[in-house]
Every structure is written in C-alpha cells, then in structure tokens.
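What you see is a predicted model, and the numbers here were worked out from it, not measured in a lab. In this chain, residues are counted from 1 in sequence order.
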Amino acid sequence: MNGYAVVLASEDLEKLTAASTIASVAAASDVPVEIFVTMNALRAFEHETVETRSFVTGELGQAMLTREDVQIPLFVDQLRDAKELGPISIYACTMAMEMMGRSLDDYVDVFDDELGVAGFLNHAADKQVMFI
C-alpha cells in the first residue's frame, strides 16, 4: 500500500470531519492521500453551505457547530491545513458537478482539480481505498 484513497460521498458533517481528520493525520505522517469528493458530499463544499454552516448533521455534528468549550476545526479548514503538512490531493467529481450544474468556482478553494471516476481510480491504483 502506498497511502490512502478516500471516496467521500456523504454530506454528513460527522463523516466529513472524520475523513478530514484521517486525511490530516496521514498527510502529517507523510502518507500520501487522494480524496475524491462525489455525490452529495459536494454540497457540503459549496461556498454558501460553508459560509452559513448549513450542514447535514446528527447530534454530534450539532455539538461541533454550537459548543464553545470544544474547538473542532471545520473539515474544509482541516483539509487546507493538511495540504501544508504533507502529500494530499483533493478532487471534485466531474459527473456529479455536471449533474448539479456546478463548476469548481462554486466550491471553497480546497480542490486541486476535477476528475472523473476513471481518473481517480488511476490515482488510487496503489492505495488503500476508503469509502465514506
């Protein structure tokens, strides 16, 4: 195995946070990480969603957004920081963006590029794949 490939399909804040935490720790440990954001997960990366913090959450996600005594970084901030720590690349799914009528400009600035599934699979060929 030569790193991790994360397919991020869920828009749940808890899952986004788990994925960004795993990716950050791996990148900080100099383990390569490739993240493919697809399906409903793309919604969570939209400018408006991030600015208004209108995420899909469960009980833990609500606590992460509202509790002042515990500071958990927002997943997009954690991913930006991870890029400064180690080898991490983040791609938006071309097909899902096209279906929703979106472009990379509609999302916060964490994506390195957009890719189709075949392109991502080429990046992930030698990595352990996680689906979140």
**Asked** Can you list every pair that meets salt bridge (charged side-chain N to carboxylate O under 4.0 Å, His left out) and has a residue in residues 32-44, with sequence neighbours left out?
**Response** E11-R43
**Flag side-chain contact, heavy atom, 4.5 Å: D12 against T57** = no
**Prompt:** Is F111 close to L42 at the side-chain level, that is, under 4.5 Å between some pair of heavy atoms?
**Reply:** yes
**Fill in**
Nearest heavy-atom approach of Y4 to M130 is CD2-CE, 3.6 Å
**Request:** Check side chain to side chain contact (heavy atoms under 4.5 Å, CB included) between I72 and all other residues, then give those that pass, not counting sequence neighbours.
**Result:** T17, M64, V70
**Request:** Indicate yes or no: at least one non-hydrogen side-chain atom of I132 is less than 4.5 angstrom from one of V7.
**Result:** no
**Request:** Identify, with sequence neighbours excluded, every residue that meets ring-ring contact (aromatic ring centres under 6.0 Å, His included) alongside F75.
**Result:** F45, F55
Residues 97-105, side-chain donor-acceptor partners within the protein, below 3.5 Å, at least two apart:
{"from": "R102", "atom 1": "NE", "to": "E46", "atom 2": "OE2", "distance (Å)": "2.9"}
{"from": "R102", "atom 1": "NH1", "to": "M100", "atom 2": "O", "distance (Å)": "3.2"}
{"from": "R102", "atom 1": "NH2", "to": "E46", "atom 2": "OE2", "distance (Å)": "3.3"}
{"from": "S103", "atom 1": "OG", "to": "D105", "atom 2": "N", "distance (Å)": "3.3"}

**Complete:** Scanning both residues in full, the closest heavy-atom pair of V33 with A27 reads CG2-N, 4.2 Å
**Request:** Identify the two heavy atoms, one from G61 and one from E14, that lie closest to each other, and give their separation to 0.1 Å.
**Result:** N-OE2, 2.7 Å
**Asked** Could you give the distance from CD1 (I88) to CD1 (I90), rounded to the nearest 0.5 Å?
**Response** 4.5 Å
**Item:** Sequence-distant partners of T94, side chain to side chain donor-acceptor pair (under 3.5 Å), two or more places apart
**Value:** E114
**Request:** Give every residue pair that meets the ring-ring contact (aromatic ring centres under 6.0 Å, His included) criterion with at least one member in residues 13-36, sequence neighbours excluded.
**Result:** F36-F120
**Request:** Please answer: with hydrophobic residues joined when any side-chain heavy atoms are less than 4.5 Å apart, are V37 and M95 in the same cluster?
**Result:** no
**Prompt:** Shared ILVMFWY cluster between L121 and V129, side chains joined below 4.5 angstrom?
**Reply:** yes
**Message:** Minimum heavy-atom separation for V31 and G3, please, with both atom names.
**Reply:** CG1-CA, 3.6 Å
**Prompt:** Among all residues two or more places apart in sequence or in another chain, which pass the side chain to side chain donor-acceptor pair (under 3.5 Å) test with T52?
**Reply:** S54
**Request:** Group every Ile, Leu, Val, Met, Phe, Trp and Tyr by side-chain heavy-atom contacts under 4.5 Å, then state whether L115 and F131 land in the same group.
**Result:** yes
**Request:** Would you mind listing every salt bridge (charged side-chain N to carboxylate O under 4.0 Å, His left out) that reaches into residues 80-95, with sequence neighbours excluded?
**Result:** D77-R80, K83-D112
**Prompt:** Tell me, do K127 and P32 make a side-chain contact under 4.5 Å, heavy atoms counted?
**Reply:** yes
**Asked** Is there a chain of hydrophobic side chains (I, L, V, M, F, W, Y, each step under 4.5 Å between heavy atoms) that links V56 to L65?
**Response** no
**Message:** Is there a side-chain contact between L79 and I35 in this structure, where contact means two heavy atoms from C-beta onward sitting under 4.5 Å apart?
**Reply:** yes
**Request:** Sequence neighbours left out, what pairs pass side chain to side chain donor-acceptor pair (under 3.5 Å) with at least one residue falling in residues 21-32?
**Result:** T21-Q78
**Prompt:** Which residues pass the side chain to side chain contact (heavy atoms under 4.5 Å, CB included) test with A18, sequence neighbours left out?
**Reply:** none
**Asked** What closest approach, in Å, do L8 and A19 show between heavy atoms, and which atom pair accounts for it?
**Response** CD1-CB, 4.0 Å
**Co-membership, hydrophobic cluster, residues V108 and M39, 4.5 Å side-chain** = no
**Request:** Sort and list the pairs that fulfil ring-ring contact (aromatic ring centres under 6.0 Å, His included) and have at least one residue in residues 8-32, not counting sequence neighbours.
**Result:** none
**Prompt:** Residues two or more places apart in sequence or in another chain: which of them pass side chain to side chain donor-acceptor pair (under 3.5 Å) with T38?
**Reply:** none
**Asked** Which pair of non-hydrogen atoms, one from L16 and one from S10, has the smallest distance, and what is that distance?
**Response** CD2-O, 3.5 Å
